[in-house]
Amino acid sequence: MTERASIKDVAALAGVSFKTVSRVVNGVDTVLPELRERVEAAVQTLNYVPNSAARSLKSGSGNTIGIIVDSIDDVFFASLVSAVEDRALEHGLAVIVGSTGFDAQRERDQLALLAGQHVRGIILAPVGDHSDFLVPRRRTLPTVTIDRSISGFDSVIVDDYGAAKRAVEKLVASGHTRIALLGFDDRLQTAQLRRQAYLDVLADLGQKPEAALAPPVSHAADSVRPVVKKLLALRNPPTAFFVANARHATAVVSVLHEIDRTDVAMVSFGNFSLADAVNPSVTCIDQDPYRIGTLAFDRLVQRFDDPYLEPEQQVAPTTLVERLSHALPLPVQK
């Protein structure tokens with residue numbers, strides 16, 4: 001065809017009504033599987049792209065995108081959301097922000113809420129998978145994931161394993177071999193990869209994993225405070241901490257200053273406010289969340305223009321920001 005295919009063309013080729021085509025492209029779940037397959041095949045054959053402008057005029061939607069993150073008071077996601085808002089304003093779009101609180105069901109509810117409000121697309125930091133919800137709406141509700149990925153969808157992530165490995169190796173290079181892991185949450189892909197990097201570095205040193213040195217910690221920042229004190233009270237305490245996220249790193253720095261234990265070395269996965277102002281200043285893996293948010297928004301805009309793009313995973317670069325905390329000397333044996 002030399003002209004852009006219309007919904008009438010799709011309906012004629014699939015042998016169904018206009019209403020059935022509309023239901024399929026809008027992600028309605030009540031269409032019979034056989035009819036859905038015929039419509040989807042016709043859509044691909046004709047390279048049909050729904051007229052988003054027409055849908056916007058009809059529904060009053062089309063000028064809003066949604067972004068769902070773990071927590072809006074997290075320093076990483078606050079910067080990321082700011083980037084999305086800046087880019088959205090440049091495109092004349094509004095932004096609705098929601099949070100999951102690391103709860104998969106709440107995340108599902110947020111997705112349903114945004115879909116019901118007819119947002120033009122979604123940027124999502126996934127806790128659960130939710131493919132059953134997102135796949136039927138792949139072309140009518142473009143979704144780009146950030147920080148973590150869902151198979152078959154665009155994502156913007158970092159090399160969590162490689163960056164975490166560099167962080168732990170930096171502590172080892174400073175002479176530390178008794179290193180504790182703080183901030184591990186096994187629900188998250190990112191945390192799993194960072195923990196594996198930590199374990200692999202220790203294995204390279206010939207060390208077996210010690211559960212006491214990698215205790216589970218809930219997502220709340222203050223939950224790490226008693227864990228720090230318990231670790232330092234061990235008969236053979238760690239001399240260094242690898243903190244797997246900036247949220248917990250902020251609390252770790254606070255409690256170390258409170259108990260006058262600023263002799264403990266540390267590296268944080270994620271930069272945070274005052275990391276360069278405290279003494280000793282904190283060595284961090286900087287993920288540049290603003291850049292991640294910008295990349296995610298730009299990919300979403302590409303999806304608006306072409307819903308049939310192949311899914312793409314972008315890996316944003318990280319930087320090891322060397323300050324003082326990783327190089328603290330080993331404590332003098334008494």
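Computed from heavy atoms alone, side chains included, the values below leave out hydrogens, waters and symmetry copies. This structure is a prediction, so every number in the text was calculated from the model and none was measured.
- Taking the charged nitrogens against the carboxylate oxygens, Arg139 and Glu40 have no contact shorter than 4.0 Å, which rules out a salt bridge.
- Taking all atoms of both residues into account, the shortest heavy-atom contact from Cys284 to Val282 is SG-O, 3.4 Å.
- With rounding to the nearest 0.5 angstrom, the OG1 atom of Thr294 is 10.0 Å from the CD1 atom of Ile292.
- Applying the salt bridge (Lys or Arg N to Asp or Glu O under 4.0 Å) test to pairs two or more places apart or on separate chains, none has a residue in residues 199-208.
- Side-chain contact of Ser71 with Arg247: a donor-acceptor pair under 3.5 Å is absent, judged by distance alone.
- Between the OH atom of Tyr308 and the CZ atom of Arg138 there is a distance of 11.5 Å, given to the nearest 0.5 Å.
- Between the side chain of Ser268 and the main chain of Met266, no donor-acceptor pair closer than 3.5 Å is present.
- Interatomic distance, CD of Glu107 versus NE2 of His130, reported as 3.5 Å (0.5 Å rounding).
- Shown are Thr190, Asp160, Asp70; of these, the side-chain hydrogen bond (donor to acceptor under 3.5 Å, both in side chains) with Arg148 is made only by Asp70.
- A salt bridge is absent between Asp305 and Arg303: the closest approach of a Lys/Arg side-chain nitrogen to an acidic carboxylate oxygen does not fall below 4.0 angstrom.
- Summarising the hydrophobic clusters (Ile, Leu, Val, Met, Phe, Trp, Tyr; side-chain heavy atoms under 4.5 Å, direct or chained), the residues clustered with Val315 are Ile157.
- With 3.5 Å as the limit, one finds no donor-acceptor pair spanning the side chains of Ser155 and Ser149.
- A donor-acceptor pair is defined here as one N or O able to donate and one able to accept, closer than 3.5 Å; such a pair exists between the side chain of Arg187 and the backbone of Phe102.
- The cationic group of Arg195 lies under 6.0 Å from the six-membered ring centre of Phe184 and within 45° of the ring axis, placing it in a cation-pi geometry.
- In the hydrophobic clustering of ILVMFWY residues, with side-chain heavy atoms under 4.5 Å counting as a link, Leu199 and Leu182 come out together.
- Judged purely by distance below 3.5 Å, without hydrogens or angles, the side chains of Asp298 and Gln302 never pair a donor atom with an acceptor atom.
- Residues forming a side-chain contact (heavy atoms from CB on, under 4.5 Å) with Asp129 (at least two apart in sequence, or on another chain): Ser131, Ile150.
- In terms of hydrophobic clustering, with Ile, Leu, Val, Met, Phe, Trp and Tyr side chains grouped at heavy-atom distances under 4.5 Å, Ile67 and Phe304 are assigned to a common cluster.
- In this structure, a donor-acceptor pair under 3.5 Å is present between the side chains of Arg225 and Ser254.
- If you check the side chains of Ser99 and Arg106, you find a donor sitting under 3.5 Å from an acceptor.
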